[in-house]
2 protein chains.
Amino acid sequence: MSQHVSCNDCSLSPVCLPLAVAPAQMDQLDNIIRRGRPLKRGEHLYRASDNFESVFAVRSGAIKTYVVSPDGEEQVTGFYMPGEVLGMDGISTAHHVSNAKALETATVCEIPFSQLENLSQQIPTLQHHFFSLMSDEIRADRELHMLLSKKSADDRVASLLLSMSARHQRRGLSSHSFRLPMSRYDIANYLGLAVETVSRIFTRFQQKGWLEVSGRDIEILDRASLCGNAPDTGTVEIQL
Amino acid sequence: MSQHVSCNDCSLSPVCLPLAVAPAQMDQLDNIIRRGRPLKRGEHLYRASDNFESVFAVRSGAIKTYVVSPDGEEQVTGFYMPGEVLGMDGISTAHHVSNAKALETATVCEIPFSQLENLSQQIPTLQHHFFSLMSDEIRADRELHMLLSKKSADDRVASLLLSMSARHQRRGLSSHSFRLPMSRYDIANYLGLAVETVSRIFTRFQQKGWLEVSGRDIEILDRASLCGNAPDTGTVEIQL
DNA sequence: CGACGCGTTGAGGTGGGTCAAATAAAGTGG
DNA sequence: CCACTTTATTTGACCCACCTCAACGCGTCG
């Protein structure tokens, strides 16, 4: 079993880290990356208070991140799909500040951060790409800020669906038909809504003929109407 | 008029960029930093769609950042106080994605980003510090996410006050008595509330004896009760 | 089969929004 | 420094989007 797939052979390389590295230097990046065993659904990739040592790129499956407040309530802070990088919020604290849990069977590439920093000293484009990745995350959070503070429940759900659609498309998959990796509970929690509200909105969107919903399987029938709900035109890029 | 204050002489250096740079290399950092003329209240430091060339450290005064959605509504995304760095959300796009506007007369240090990247290649601690800064921003956004998605209006306002208090303290100023640089409108917008709600909460907190409020002047009388409202215990660090 | 997790649906309550209007504060031109 | 406009802030009355509570259907797994 070739758990050691090189970045060169990985179908995600155009949307993942390697896009910042010239072929000649690919081996250097490849050498510091660790490919671990697959995570089973529900397994943790890391937990808050674990030492921060690495960031992770999702290879397959899906991961959710969440924080738990002192009074024990959970806040889902993001969903990470193949080609996306997570764990960057722990850099400044030496320990992770959130938890990361597999939503379904998932494989990840582990990138030891101190080695990545070293490599970034040698490969300026890699340094720049990492700054960009973090910048993207900040920008996505700004979008989310507006979504949570100004938009209706309908807008929030529409926006999430369009985001998932865009991220599928980025990987070369269908943008109109896909399966959500997360539960209604996670969606609601992430968007600051009650589960019941999310469920009702799904049925309403379906009644309006905008979606075909069957459990977690989604088919987008009328993207324009969904966009009308979501603030962002066309290229919704909420990276969450 | 010595608009060119060196980082060495700046009272903010322990909380700003220089903390990551050894004295021997301070000059290199100092040389790439540009000190501009002061901004007047209401003036823009940059606007969305301006080319992204620099990040900025606030030297005095206060700056707010905001985005404007396609349908014209404004979302305040952050408040930046002396010693804090803003503009990092533009790195990946080559243009700024938000607007930055002075809330009161303010001076900033401009740090051309490409030169900062070059310097980071030579000074590993500087590279690390910048990663940390961005990581902090992401972490703060996570906190804000929970605030907006799970917490009551009271909690949100309390949390903002405690955050402002903590940031004053970090600069060696009073943590219990300070002046808010932003309007009620900005607070409400940032926290996803109506102005009226914010105003009512201020009066209510005052009635309970938790605060002394006079316009934008705040005195914190009962921190414990405020913390009880805000989820975060003690060291509230919401960096926003 | 029974139990548990997940999703949906209905009925009813409320935190915080909206609208309206008064008051205070800040700017502006003379 | 004053009258005058504009912009903040506060307060009150009313209402609605979304939450809560409760019940039910449906897989699936021991």
Side-chain angles (χ1 to χ4, degrees), chain A residues 40-42 62 64 73-76 101-105 146-161 179-208 211-218 229, chain B residues 40-43 62 64 73-76 101-105 146-161 179-208 211-218 229 231:
Chain A
K40 285 200 289 268
R41 174 181 148 80
K64 80 166 176 182
E73 48 187 350
E74 177 176 328
Q75 174 64 58
V76 175
K101 191 180 188 177
L103 289 167
E104 54 192 26
T105 304
M146 169 166 282
L147 204 64
L148 294 178
S149 106
K150 297 264 180 312
K151 302 300 182 183
S152 69
D154 283 20
D155 287 348
R156 297 185 203 181
V157 173
S159 186
L160 179 83
L161 289 172
R179 185 175 172 80
L180 296 172
M182 74 294 270
S183 69
R184 298 285 191 272
Y185 170 84
D186 286 329
I187 295 175
N189 186 296
Y190 177 74
L191 295 176
L193 301 170
V195 196
E196 295 92 329
T197 305
V198 172
S199 180
R200 278 187 256 266
I201 289 172
F202 273 49
T203 25
R204 185 140 32 84
F205 282 178
Q206 186 162 25
Q207 282 162 2
K208 290 189 190 176
L211 291 180
E212 185 66 37
V213 185
S214 170
R216 297 187 181 185
D217 291 312
I218 302 290
N229 248 318
Chain B
K40 285 201 289 270
R41 176 183 147 78
E43 242 182 307
K64 79 165 177 184
E73 51 188 347
E74 177 177 326
Q75 173 65 57
V76 175
K101 190 180 190 176
L103 290 167
E104 55 193 22
T105 305
M146 169 167 281
L147 204 64
L148 293 178
S149 104
K150 296 266 180 313
K151 302 299 180 181
S152 69
D154 283 20
D155 287 348
R156 297 185 203 182
V157 173
S159 185
L160 180 84
L161 289 171
R179 184 175 172 79
L180 296 172
M182 73 294 269
S183 69
R184 299 285 191 273
Y185 170 83
D186 286 329
I187 294 174
N189 186 294
Y190 176 75
L191 295 176
L193 301 170
V195 197
E196 295 92 328
T197 305
V198 172
S199 180
R200 278 187 257 265
I201 289 171
F202 273 46
T203 23
R204 184 141 31 84
F205 281 179
Q206 187 162 26
Q207 282 163 2
K208 291 190 190 177
L211 291 180
E212 185 66 37
V213 185
S214 169
R216 297 187 182 184
D217 291 312
I218 302 289
N229 248 316

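Basis for what follows: all heavy atoms, side chains included, without hydrogens, waters or symmetry-related copies. Note on naming: letters A, B, ... go to the chains in the order of the sequence lines (proteins, then strands), and numbering restarts at 1 for each one.
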Checklist entry - To the nearest angstrom, how far is B/Leu148 atom CG from C/dG17 atom P? => result 12 Å
Next on the checklist: Given the structure, check if the side chain of B/Arg200 and the base of D/dG12 hold any donor-acceptor pair shorter than 3.5 Å.
Outcome noted: yes
Item to check | OP1 or OP2 of D/dC19 under 4.0 Å from side-chain N/O of A/Thr197 | outcome: yes
Next on the checklist: Please check: side-chain N/O of A/Arg156 versus main-chain N/O of A/Leu148, any donor-acceptor pairing under 3.5 Å?
Outcome noted: yes
Item to check | A/Asn189 CG to D/dC18 P, straight-line distance once rounded to whole Å | outcome: 17 Å
Checklist entry - Roughly how many Å is it from CD in A/Glu196 to C1' in C/dC6, rounded to a whole number? => result 12 Å
Next on the checklist: If you assign A/Arg184 and B/Gly192 each to the DNA chain C nucleotide with the nearest heavy atom, which residue ends up on the more 5' nucleotide?
Outcome noted: A/Arg184
Item to check | Which residues share a salt bridge (charged side-chain N to carboxylate O under 4.0 Å, His left out) with A/Arg204, sequence neighbours left out | outcome: A/Asp154
Checklist entry - Side-chain contact, heavy-atom cut-off 4.5 Å: A/Ile187 with A/Leu180? => result yes
Checklist entry - Can any side-chain N or O of A/Gln75 pair as donor or acceptor with the backbone N or O of A/Asn189 at less than 3.5 Å? => result yes
Checklist entry - Checking only heavy atoms, does the side chain of B/Arg41 share a donor-acceptor pair with the base of C/dG27 at less than 3.5 Å? => result no
Next on the checklist: Go nucleotide by nucleotide along DNA chain D from the 5' end; which of B/Met182 and A/Arg156 gets its closest nucleotide reached first?
Outcome noted: B/Met182
Checklist outcome for this item: To the nearest angstrom, the OH-C1' distance between B/Tyr185 and C/dA24 comes to 21 Å
Next on the checklist: Does D/dT7 have its OP1 or OP2 closer than 4.0 Å to a side-chain nitrogen or oxygen of B/Ser183?
Outcome noted: no
Checklist entry - Is there a side-chain polar atom (N or O) of B/Arg216 under 4.0 Å from OP1 or OP2 of D/dT9? => result yes
